[in-house]
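This report refers to the structure that appears directly beneath it.
Order of listing sets the numbers, starting from 1, for every ligand and every atom in it. These numbers come from the heavy atoms of this one structure, side chains and all, not from hydrogens, waters or symmetry mates.
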Amino acid sequence: MSHYVVTGGAGFIGSALVRALFEEGARRVVVIDNLLTGKEENLEEVRDRIEFHRTDIRCYEELAPLVRGADVVFHLAAIPSVPRSIAEPVLTHEVNIDGTFQVLRACRDGGVRRVVYAASSSAYGDTETLPKVETMAPRPLSPYAVQKLAGEYYARVFYTCLGLETVSLRYFNVYGPRQDPNSPYSGVISVFMKALIERRPPTIFGDGEQTRDFTYVEDVTALTLKAARAPGVAGKVYNAGNGGRYSLNQVWEILQRLEGVRLPPVYGPPRPGDVRHSQADITAAVRELGHAPRFSLEEGLKRTLDWYKQSAGKIRS
Ligand code: UD1
């Protein structure tokens, strides 16, 4: 296989996937991104090896020629963030649901061999049992969760009714280098990193005892590549997590220890649409896709912190 397309390839996860593709010998990588949340600088090291298109996934006419004939399309383009989907339900609906539909439609029309779709752990909502297994009924709590789940359903019926091979991966709170800490909608670990480097206390929404299965970006990209070629998995959905669970208070404790500082957090009101606990059962991904996460939270945090320190000049807003 040699011809890949990554939608959202200038984003934090998408750009890591592009680098991983080249590491495993990919020859042709087409990146589609409208640069709404993605940044070209995320692709700095591979800029002269990729074909970059500043294209919006809602536009079928522009998209169709770019995906035609590809071996695999990795569909990561989305507007992430639970609070952003509450603040901007129309825009996020259009990009996350309509855009996903147009990507699937273009892939089907263009004879793409397989689509790997970045779904989200938010689909589970507050299910009572932990860890969360793919067989559980979804209970989305926010527009974002509904939108990512709708994309998953579309991916499945594009396989069952329209013959396009798709695999959905429910990403669980991915973190790592290049995650943008400067937006009001930034992922919590990037926000913690920035606060730590600037020696400021972070704001924690709620009591900080909510837990997440924080997953290091390289573990997610490795699994995403495996999903592109695993046999017998078309139409399925898998958890893409680490399998652990840490509270925000624990994460902030580890980070303070790594830096040797004490900065007690400020606690604010809980965030609407927030899930209380999240943890992936990764049994199916291990068995059927060969998932093998390599990074403990502490190791992932160390690597991430190193990157933020080296890039401190760049991440300042
Ligand atoms: C959710 C999904 C995740 C998805 C992400 C996309 C779940 C369980 N996870 O992440 O799979 O990739 O959306 O955006 O639904 N927080 C603070 N202070 C801050 C920022 C956040 O305390 O400055 C808290 C939030 O209230 C939340 C936790 O940190 O409890 C994690 O928030 P965030 O990083 O935004 O991710 P999720 O919403 O959990």
Check: Between Tyr144 and Pro80, which heavy-atom pair has the shortest distance, and what is it?
Finding: CE1-CA, 3.5 Å
Next item on the list: Identify the heavy atoms of Asp71 and Ser2 that sit nearest to each other, and give their distance.
Entry: OD2-N, 3.0 Å
Item checked: Close aromatic pair by centroid cut-off 6.0 Å: Tyr246 and Phe214 -> no
Check: Where is the nearest protein heavy atom to atom 1 (C) of ligand 1: which residue, which atom, and how far?
Finding: Val82 CG2, 4.1 Å
Next item on the list: Given side chain to side chain donor-acceptor pair (under 3.5 Å), test Asn249 with Tyr267 step by step and report yes or no.
Entry: CA-CA 11 Å; Asn249 289 329; Tyr267 290 92; 2.7 Å; yes
Note to self: Only heavy atoms of Pro80, strictly under 4.0 Å: list the atoms of ligand 1 that pass.
What the structure shows: 6 (C), 14 (O)
Note to self: What protein heavy atom lies closest to atom 26 (O) of ligand 1? Include the residue and the distance to one decimal.
What the structure shows: Asp274 OD2, 2.8 Å
Check: Under 4.0 Å from ligand 1, counting heavy atoms only, is it the side chain of Val188, its backbone, both or neither?
Finding: both
Check: What protein heavy atom is closest to atom 18 (N) of ligand 1, reported as residue, atom name and distance in Å?
Finding: Thr203 O, 2.9 Å
Notebook entry, point to check: Do Lys309 and Glu259 sit within salt-bridge range, that is, some charged N less than 4.0 Å from a carboxylate O?
Noted result: yes
Next item on the list: Within a distance under 4.0 Å of any heavy atom of Gly187, pick out the atoms of ligand 1 and give their elements.
Entry: 34 (O)
Next item on the list: Using the six-membered ring of Phe22, assess whether NZ or CZ of Arg49 lies under 6.0 Å from its centre and within 45 degrees of the ring axis.
Entry: yes
Next item on the list: Could you grab the distance from atom CD of Glu198 to atom CE of Met193, nearest 0.5 Å is fine?
Entry: 13.5 Å
Note to self: Counting non-hydrogen protein atoms only, what is the nearest one to atom 29 (O) of ligand 1? Give residue, atom name and distance.
What the structure shows: Leu248 CD1, 3.3 Å
Notebook entry, point to check: How close does the nearest protein non-hydrogen atom get to atom 36 (O) of ligand 1, and which residue and atom is it?
Noted result: Asn173 ND2, 3.3 Å
Check: Of the choices Lys132, Arg212, Arg271, Lys194, which has the non-hydrogen atom that lies closest to atom 32 (O) of ligand 1?
Finding: Arg271
Notebook entry, point to check: With the threshold set at 4.0 Å, does a side-chain nitrogen-carboxylate oxygen contact exist between Arg170 and Glu152?
Noted result: yes
Margin query: If you measure every N or O of Ser121 against every N or O of ligand 1, does any of those distances drop under 3.5 Å?
Written below: yes
Checklist line | Enumerated ligand 1 atoms positioned under 4.0 Å from heavy atoms of Tyr171 | finding: 11 (O)
Check: Considering only protein heavy atoms, which is closest to atom 19 (C) of ligand 1, and at what distance to one decimal place?
Finding: Phe205 CE1, 3.4 Å
Next item on the list: Could you list which atoms of ligand 1 come closer than 4.0 Å to a heavy atom of Val191?
Entry: 23 (O)
Next item on the list: Could you list the atoms of ligand 1 found under 4.0 angstrom from a heavy atom of Ser278?
Entry: 8 (C)
Next item on the list: Taking the six-membered ring of Phe172 (Phe, Tyr or Trp), confirm whether the NZ or CZ of Arg212 is under 6.0 Å from its centre and within 45° of its axis.
Entry: no
Notebook entry, point to check: Would you call Lys39 and Glu44 a salt bridge, taking side-chain N to carboxylate O under 4.0 Å as the test?
Noted result: no
Check: Counting each atom of ligand 1 from 1 as listed, which ones have a heavy atom of Ser81 under 4.0 Å away?
Finding: 6 (C), 14 (O)
Check: Looking only at protein heavy atoms, which one is nearest to atom 12 (O) of ligand 1, and how far off is it?
Finding: Tyr144 OH, 4.2 Å
Check: Among all protein non-hydrogen atoms, which one is nearest to atom 4 (C) of ligand 1, and what is the separation to 0.1 Å?
Finding: Ser120 OG, 3.8 Å
Next item on the list: Under 4.0 Å from a heavy atom of Gln210: give me the atoms of ligand 1 that qualify, with their elements.
Entry: 30 (O)
Notebook entry, point to check: Taking only residues two or more places apart in sequence, or in another chain, which ones meet Arg139 in a side-chain hydrogen bond (donor to acceptor under 3.5 Å, both in side chains)?
Noted result: none
